[in-house]
Undergrad: 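Below are the structure tokens for one structure; questions will follow.
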Amino acid sequence: MMHRLRLFLALLTATALLAGCPSTDDDDSVTDDDDAADDDDAADDDDATDDDDATDDDDATDDDDATDDDDSAGDDDDSAAACEGEISAISSEMYALIGACTAAVRLDYNTLALLSWDLLCGSYDTPSESDARAAANADSGWGDGTALDAAPEDQWVFYSSPGDFGGTSAVDARTGLTTFGARIVWGGTGDVVYPTAWRSAALLGSSCPASGGVSVARGWDLRSGSTLGTPEVEAALDVVRDTALPAAFWDGGSVFDAVVLLYPRSVGIFDPNTAEWIVLLAGGYLD
């Protein structure tokens with residue numbers, strides 16, 4: 001009897017011990033939960049790091065954009081500063097008296113490269129056709145040809161078609177000053193005779209501010225005396241727009257207009273290697 005009682009008490013004790021012990025599965029579950037939480041925390045850290053990296057990349061991109069903008073602004077400032085001296089020097093000459101000026105600019109026919117230029121200024125003195133012809137004959141010898149416009153407001157342009165020898169001249173319709181004169185030779189090579197001296201193209205600067213620009217322009221093809229198309233006029237004029245001349249005119253007055261001449265030097269056989277574009281840019285005090 002005693003033996004059975006002891007056995008029963010032993011079973012109760014074992015049962016109680018088993019009930020009080022933690023389950024291995026529960027430990028595994030808790031461990032797994034802890035591991036998952038750690039993984040989540042690590043993933044969150046990675047995401048935060050990625051976000052920080054992305055933010056850094058965005059900041060770097062913004063810095064690059066700001067640097068590019070600063071560089072662009074710096075380039076514009078440099079171009080404007082580089083032309084200040086040229087604009088000031090030309091403007092001072094233009095407005096030394098109350099009147100008008102024509103800047104005569106020579107360009108290579110093939111490349112449109114600047115070759116040389118000169119500035120011709122005078123008081124307002126609207127010439128008649130006979131006055132303009134007289135001035136052209138006195139300065140260049142080519143004032144007896146056909147007037148390509150019978151009543152111009154910009155430039156009188158006279159054209160003598162060459163039999164063997166011919167020529168052309170231009171006279172400012174506001175001042176009566178000759179602005180260009182040249183020979184044209186059939187099957188040969190003519191030469192520029194007026195102005196008699198030309199200035200270095202380097203004095204015109206480049207990439208200069210356009211200021212008020214040039215809005216009125218036309219042109220003449222001196223191979224035949226016909227009008228030039230707008231694309232040819234604008235292509236030549238764009239080169240002059242890039243120089244200090246427009247801004248110099250606008251510095252004390254305004255740009256009035258421009259006339260573009262295709263000067264061939266020779267006809268019969270046109271030689272593009274000797275031909276030139278002549279741009280006559282006029283302006284001054286408002287009349």
Undergrad: How would you list, by chain and number, every residue that makes a side-chain contact (heavy atoms from CB on, under 4.5 Å) with Arg106, sequence neighbours excluded?
TA: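 Once residues adjacent in sequence are excluded, the partners of Arg106 under the side-chain contact (heavy atoms from CB on, under 4.5 Å) criterion are Leu115, Ser116, Val192, Trp198, Arg265, Glu276, Ile278.
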
Undergrad: Does Ser88 use its side chain to pair, donor to acceptor, with the backbone of Glu84 at less than 3.5 Å?
TA: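 No: the side chain of Ser88 does not pair with the backbone of Glu84.
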
Undergrad: Can you list every pair that meets disulfide (SG to SG under 2.5 Å) and has a residue in residues 105-197, with sequence neighbours left out?
TA: Cys101-Cys121

Undergrad: Which value, rounded to the nearest 0.5 Å, describes the distance between Ile87 atom CD1 and Cys208 atom SG?
TA: 5.5 Å

Undergrad: Using the test side-chain hydrogen bond (donor to acceptor under 3.5 Å, both in side chains), find all partners of Asp271 that sit at least two apart in sequence or belong to another chain.
TA: none

Undergrad: Who are the side-chain contact (heavy atoms from CB on, under 4.5 Å) partners of Asp154, not counting sequence neighbours?
TA: Pro152, Arg218, Asp257, Val259

Undergrad: Roughly how far, to the nearest 0.5 Å, is the CG atom of Asp108 from the OG1 atom of Thr274?
TA: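 Between atom OG1 of Thr274 and atom CG of Asp108 there are 10.0 Å.
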
Undergrad: For Asp139, give me all partners under side-chain hydrogen bond (donor to acceptor under 3.5 Å, both in side chains), at least two apart in sequence or on another chain.
TA: Thr178

Undergrad: Identify the two heavy atoms, one from Val260 and one from Ala236, that lie closest to each other, and give their separation to 0.1 Å.
TA: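 Minimum heavy-atom separation between Val260 and Ala236: CG1-CB, 3.9 Å.
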
Undergrad: Checking side-chain polar atoms at under 3.5 Å, does Asp131 have a donor or acceptor matched by the opposite partner on Ser128?
TA: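 The answer is yes; a qualifying pair exists.
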
Undergrad: Can you name the residues that form a ring pair (Phe, Tyr, Trp, His ring centres under 6.0 Å) with Tyr263, not counting sequence neighbours?
TA: Phe180

Undergrad: Which distance, rounded to the nearest 0.5 Å, do you find between the CG of Leu148 and the CG of Leu261?
TA: 8.5 Å

Undergrad: Judged by atom type as modelled, is there a donor-acceptor pair below 3.5 Å linking the side chain of Ser211 to the main-chain atoms of Gly213?
TA: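 Between the backbone of Gly213 and the side chain of Ser211 there is no qualifying donor-acceptor contact (under 3.5 Å).
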
Undergrad: Might you point out which heavy atoms bring Leu177 and Leu120 nearest each other, and give the distance in Å?
TA: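 Closest approach of Leu177 to Leu120, heavy atoms only: CD1-C, 4.1 Å.
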
Undergrad: Rounded to the nearest 0.5 Å, what separates atom CH2 in Trp142 from atom CD1 in Ile184?
TA: 8.5 Å

Undergrad: Any salt bridge (charged side-chain N to carboxylate O under 4.0 Å, His left out) involving residues 161-173? Give me the pairs, sequence neighbours left out, ordered by first then second residue.
TA: none

Undergrad: Check for me, please, whether Phe165 and Tyr194 land in the same ILVMFWY cluster - side-chain distances under 4.5 Å, paths through other members count.
TA: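 No, separate clusters.
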
Undergrad: Testing the basics here: between Val193 and Ala182, what is the closest heavy-atom pair and its distance to 0.1 Å?
TA: CG2-N, 3.9 Å

Undergrad: What about Trp117 and Trp250, same hydrophobic cluster or not, with Ile/Leu/Val/Met/Phe/Trp/Tyr joined at side-chain heavy-atom distances under 4.5 Å?
TA: yes

Undergrad: Who are the side-chain contact (heavy atoms from CB on, under 4.5 Å) partners of Arg241, not counting sequence neighbours?
TA: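 Scan of Arg241 (side-chain contact (heavy atoms from CB on, under 4.5 Å), adjacent residues dropped) gives Val214, Glu234, Leu237, Asp238.
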
Undergrad: With sequence neighbours left out, what residues match Ser169 under side-chain hydrogen bond (donor to acceptor under 3.5 Å, both in side chains)?
TA: none

Undergrad: May I have all residue pairs that pass disulfide (SG to SG under 2.5 Å) and include part of residues 140-183, sequence neighbours excluded?
TA: none

Undergrad: Go through the structure and list residues passing side-chain contact (heavy atoms from CB on, under 4.5 Å) with Phe270, not counting sequence neighbours.
TA: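 Residues passing side-chain contact (heavy atoms from CB on, under 4.5 Å) with Phe270: Tyr109, Arg223, Leu262, Pro264, Pro272, Ala275.
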
Undergrad: Who pairs with Glu93 by side-chain hydrogen bond (donor to acceptor under 3.5 Å, both in side chains), at least two apart in sequence or on another chain?
TA: Arg199

Undergrad: Is a side-chain N or O of Ser140 found less than 3.5 angstrom from the main chain of Gly143, in a donor-acceptor match?
TA: no

Undergrad: When rounded to the nearest 0.5 angstrom, what distance separates CG in Asp118 from CG in Leu203?
TA: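 Atom-to-atom, Asp118:CG and Leu203:CG are 11.0 Å apart.
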
